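All remarks here apply to the structure that follows.
No hydrogens, no waters, no symmetry mates; every other heavy atom, side chains included, goes into these values. Computed from a predicted model, the values in this text were never measured in an experiment. Below, chains carry the letters A, B, ... as their sequence lines are ordered, and counting in each starts from 1.
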Number of protein chains: 2
Amino acid sequence: MTASTGSGAGTRPRRRADAERSIARIVAAARGRLGSDPNATTDDIAKAAGVGRMTLYGHFKTRAELVDAALRDAVQDGDRTLAAVDLRGDAYEAMRRLLVSSWALVAESAALLTAAQGVLPAGRVRELHAGPAVRVGELVRRGQDQGVFRTDMPTAWLVGVVQHILHGAAEDVRGGRLELPPGEVSDVVTKSVLAVLATPPAPGP
Amino acid sequence: MTASTGSGAGTRPRRRADAERSIARIVAAARGRLGSDPNATTDDIAKAAGVGRMTLYGHFKTRAELVDAALRDAVQDGDRTLAAVDLRGDAYEAMRRLLVSSWALVAESAALLTAAQGVLPAGRVRELHAGPAVRVGELVRRGQDQGVFRTDMPTAWLVGVVQHILHGAAEDVRGGRLELPPGEVSDVVTKSVLAVLATPPAPGP
DNA sequence: AATACCTCGTACGTTGATGTACGAGTTCTA
DNA sequence: TAGAACTCGTACATCAACGTACGAGGTATT
């Protein structure tokens, strides 16, 4: 949800209510279809939205623009989820909470990300991810200050690893490569991520 | 390198030497181009091979067939690399050796894998990876038996995580998202992977 | 040296998706 | 309720990549 379709938010002539509704449905459909197939066509998406292809093009000049809107929407949801998680206290436990509550969303948007990477300029994708990335980065850094997360690797890399494990797991699930009860996936993902982040026990050789 | 282009190896009418050479160049070029851009066209590849597009189609009926051959070639190289690594003794150290010596190859073939996933049937990709995957899987299992690798997650998942971290790092490098001296990448990747695999210190809550 | 094999250019047919044009009908909004 | 905004079908223009056809030359092999 969360339309806010204007490229440059703010001064907008005002849109009619039904248009607003159409846009919301299209964006939702785009998230859904692109989330299960990164190559979904505009036609697929329009059909899934229960809307004519022309209506879609009435609101999004190009396919790229649509993908951008879909990703923006998904990221916004993610950011909201992150904001709702209590990140205070022990960073280790905070990270666990964060992973548990964001796994589902990340999983269903993994393919969407792939789609975006293929269509949007590289910089744009980073830009859209900036919000959540900063939040995670801050938590990681705080964990490092607390001594519970390792400091022998750059923070940026650690954040990257978190993403890679999440994204990889999502792809595995989507491709049926992972034979694991869906509920447990969240578990192993969480454990794996925390294992990377945690301060190593013995003085590493 | 390593042509062996016949789909059904063995009884083949025999090919002329120059054809063999062309094929080798084409496969090498395919690995190169697809390794830096998963969407490289047959035209790109032919040009990179210093060969006419028609010559290419003379040897590979479809683009998919070419991608298959390229991936097969890369995997074969990988398998050879793995075979050359001494996997005896402490599994932890063996894994470190394995990661160090295979990182470069994995990195340069990451995009090729992506290309293959888009074009080849899902099962085919797994089939091609079977060789190396089994080798890594065996090492992981051996580490679990030795008590140095964790046993609270399925072996298959652990193998998957190894791949995800490697692949993710490769993508980061390719996209310039990772600002790290190339030499150090191998280091952090190795450390990260080993952190996931290692037996956790305290009894996990 | 004869022959079968290989190279490779040009040109064409095909497919699949993107995006545009037009226009008639419908539904908000004021 | 008048008019602007929106929907949406059909039809078409475009484009990029794939793959095929033909045929004139080279080059390995025997």
Side-chain angles (χ1 to χ4, degrees), chain A residues 3 5-7 11-30 33-34 36-70 111 114-116 118-121, chain B residues 3 5-7 11-30 33-34 36-70 111-112 114-121:
Chain A
T5 313
S7 20
T11 332
R12 194 135 274 261
R14 180 85 149 290
R15 239 191 313 261
R16 246 173 56 178
D18 55 350
E20 213 79 56
R21 224 177 312 139
S22 287
I23 292 176
R25 294 179 68 183
I26 291 170
V27 171
R33 295 299 291 115
L34 292 173
S36 72
D37 173 13
N39 297 318
T41 70
T42 52
D43 207 43
D44 289 338
I45 296 170
K47 276 192 179 63
V51 134
R53 200 164 69 98
M54 306 334 293
T55 301
L56 190 156
Y57 274 105
H59 295 294
F60 302 93
K61 273 208 283 290
T62 74
R63 176 193 158 84
E65 201 174 298
L66 173 57
V67 173
D68 190 287
T114 301
V119 173
L120 267 35
Chain B
T5 312
S7 24
T11 332
R12 195 133 272 260
R14 180 80 152 291
R15 239 190 316 261
R16 247 171 58 176
D18 55 350
E20 212 79 56
R21 225 178 308 140
S22 288
I23 291 175
R25 294 178 70 185
I26 292 171
V27 171
R33 295 299 292 115
L34 293 174
S36 72
D37 173 12
N39 297 319
T41 70
T42 53
D43 207 44
D44 288 338
I45 295 170
K47 276 193 178 63
V51 133
R53 198 165 69 98
M54 306 334 293
T55 301
L56 190 157
Y57 274 105
H59 295 294
F60 302 93
K61 273 207 283 289
T62 75
R63 180 196 155 82
E65 201 174 298
L66 174 58
V67 173
D68 191 288
L112 170 58
T114 300
Q117 280 164 341
V119 175
L120 266 37

Distance in angstrom units between [X] [atom1] and [N] [atom2], rounded:
X: Arg16(A); N: dC8(D); atom1: CZ; atom2: C1'; result: 14 Å
X: Leu56(A); N: dG9(D); atom1: CG; atom2: P; result: 12 Å
X: Arg15(B); N: dC5(C); atom1: CZ; atom2: P; result: 13 Å
X: Phe60(A); N: dT7(D); atom1: CZ; atom2: P; result: 11 Å
X: Lys61(A); N: dA21(C); atom1: NZ; atom2: P; result: 13 Å
X: Ile26(B); N: dT7(C); atom1: CD1; atom2: C1'; result: 10 Å
X: Arg21(A); N: dA5(D); atom1: CZ; atom2: P; result: 18 Å
X: Arg25(B); N: dT7(C); atom1: CZ; atom2: C1'; result: 12 Å

Side-chain (Arg25(A)) to main-chain (Ala49(A)) donor-acceptor, under 3.5 angstrom: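 Present.
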Between Ala17(B) and Arg53(B), which is nearer to the 5' end of DNA chain D once each is assigned its nearest nucleotide?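 Residue closer to the 5' terminus by nearest nucleotide: Arg53(B).
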Pick the nucleotide of DNA chain D nearest each of Gly52(A) and Tyr57(B); which residue has the one closer to the 5' end?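 It is Gly52(A) whose nearest nucleotide is closer to the 5' end.
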For the side chain to side chain contact (heavy atoms under 4.5 Å, CB included) test, which of Asn39(A), Ile45(A), Asp44(A) pairs with Thr41(A)?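 In the set Asn39(A), Ile45(A), Asp44(A), the residue that makes a side chain to side chain contact (heavy atoms under 4.5 Å, CB included) with Thr41(A) is Asp44(A).
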Work out which heavy atom in [X] is nearest to a heavy atom in [Y]; give both atom names and the distance.
X: Ala115(A); Y: Pro38(A); result: CB-O, 3.5 Å
X: Ser22(B); Y: His59(B); result: CB-NE2, 4.4 Å
X: Ala69(B); Y: Val27(B); result: O-CG1, 4.3 Å
X: Ser36(B); Y: Ala111(B); result: N-CB, 4.4 Å
X: Ala116(B); Y: Val67(B); result: CA-CG1, 3.7 Å

Using a strict cut-off of less than 4.0 Å between a Lys/Arg side-chain nitrogen and an Asp/Glu carboxylate oxygen, indicate whether Lys47(A) and Asp43(A) qualify as a salt bridge. yes
Residues of residues 40-48 of chain A with any non-hydrogen atom less than 4.0 angstrom from an atom of DNA chain C: list those, numerically ordered, please. Thr41(A), Thr42(A)
Let me spell it out: for each of Asp18(B) and Ala64(A), pick the nucleotide of DNA chain C with the closest heavy atom. Which residue's pick is nearer the 5' end?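 That would be Asp18(B).
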Kindly say if [X] contacts the phosphate of [N], meaning a side-chain N or O under 4.0 Å from OP1 or OP2.
X: His59(B); N: dC6(C); result: no
X: Ser22(A); N: dT7(D); result: yes
X: Arg63(B); N: dC18(D); result: yes

Measuring from atom CZ of Arg21(B) to atom CD1 of Ile26(B), what distance do you get when rounded to the nearest 0.5 angstrom?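 With rounding to 0.5 Å, CZ (Arg21(B)) is 12.5 Å from CD1 (Ile26(B)).
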Out of dA21(C), dA28(D), dT20(D), which nucleotide sits closest to the side chain of Met54(A)? dA21(C)
Of the options dC8(C), dT27(D), dG9(D), whose atoms approach the side-chain atoms of Thr55(B) most closely?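 Among the listed nucleotides, the one closest to the side chain of Thr55(B) is dC8(C).
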Net bend of the helix from dA1(C)-dT30(D) to dA30(C)-dT1(D), end axes of five pairs each, nearest 10 degrees: 30°
Quick one: does Phe60(B)'s side chain get under 4.5 Å of Ile23(B)'s, heavy atoms only?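 Yes, close enough: below the 4.5 Å cut-off.
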